[in-house]
Amino acid sequence: MTSKERRVVIVPCSGIGKPFGTVSREAAYEVCETLRPDETQLVALSKLVLGEEEACRRVDSSPAITIDGCKLMCAASLVKLRAGTIVSEVAVLDVFRRHKDLKPEGIAELNEAGQQLARVVAREIAATIDQVHQAETGGGADHA
Amino acid sequence: MGTVTRLAALRVLHDLRPGRTVTICLPLFLAGGEGDRAFARFHPTITVDGCELRCAARGTERHSGPPTASIVVDALVAEHGLPTPEGRRNLNQAGLEAVEVTAQRLVELVDDVLGAEGPLRDSPGETVPLTRRNAQATTCSCGSSAPVTTLIVDGTEVVLLALPLIFRRFFEAGRRVDDPAVARDLVETTKIYNQIPSGAADRYRDAILREYAAFCEREAAR
């Protein structure tokens, strides 16, 4: 298996009705395009559910991190339904509870607080990805 | 293309046809959200897809029946001779043009559907809810929902999905409460969207029929 196939799969919510759904998508883009572009691959939830070959292969062969915008946790549920390996189920609402000052508003265009919340979510996911790769390579903390 | 579909749908929902359109949450719909699936069975549904995979259209067809109309953005972009949109987070100019073109096509389809269904088109600006909701309506990140009704069966509250929509269909078809076949047909239709415990069908039938009688009275009094 190539290293590309072992990239961590990021599966965000794709709802368009509330700002938290937009935060989940924005966080996914932040991780996949900015923070960990070489270590992640984005998978569209709808492709996965409808059995698109490439999306299914990615989820079948790589660890996944799901990002959900509401308590129904569609992304996590659907990856589990596919029997994918989820290393972290991220709920944007949980992150928001720890950062109440970052109240997201706007769906088509997030306000600054929403964008900051997305960046917080993304940084936490990047840390999880680092842990996954450390565990896979057997790496630990550097020492003399 | 996915970003174009989302922004075009939001433009119609929020700016161009607010109050006359609602969105169904595709992930919830595909994950088994019975409320949303029932909603799409009862309401005209227009799907907006980014590419030829047509996930929204295929999902709708699979779970709720063929959509009333479908848009595929990349075909629409080609039809209008626009450059390919780029930038998932921040669309380029071509992407913004694609949003407008898609939104306008969507509006045409919405107006066609609503115009064919009745007088909504003649009252621009008036907010017309597509469904009656209550506090117990199932909701998701998309904010979509199908109506739920609480009935008392054997002294216990039970929540049933889509009853007002079923009642309206029966009422508009002229199905009378005193027709013996109506009770049976109401239960059968209700079972499509709800679990009715085996052995309790008679008691559910009585409760549903009472609710339908009340619905008919309200409609007749209008």
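By convention in this document, chain letters (A, B, ...) are assigned in the order of the sequence lines, proteins followed by strands, and residues within each chain are numbered from 1.
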Nearest atoms (heavy-atom pairs only) where [X] meets [Y]:
{"X": "Val49(A)", "Y": "Arg62(B)", "value": "O-NH1, 4.2 Å"}
{"X": "Leu42(A)", "Y": "Arg88(B)", "value": "CD2-NH1, 3.5 Å"}
{"X": "Arg58(B)", "Y": "Leu50(A)", "value": "NH2-O, 3.5 Å"}

Next on the checklist: Does atom CD (Glu172(B)) have a neighbourhood of more than 12 heavy atoms from anything else shown, all under 6.0 Å?
Outcome noted: yes

Next on the checklist: Please output the residues of residues 87-111 of chain A in contact with chain B, using a heavy-atom cutoff of under 4.5 Å, in numerical order.
Outcome noted: Ile107(A), Ala108(A)

Checklist outcome for this item: Of the listed Arg6(B), Arg11(B), His14(B), the one with the largest count of heavy-atom pairs under 4.5 Å with chain A is Arg6(B)

Checklist entry - Does Tyr212(B) have any ring pair (Phe, Tyr, Trp, His ring centres under 6.0 Å) partners at least two apart in sequence or in another chain, and if so, which? => result Phe167(B)

Next on the checklist: Looking only at heavy atoms and a cut-off of under 4.5 Å, which of Glu30(A), Glu52(A), Met73(A), Lys47(A) has the most pairs with chain B?
Outcome noted: Glu30(A)

Item to check | Under 4.5 Å from a heavy atom of chain B, the part of Ser77(A) involved | outcome: neither

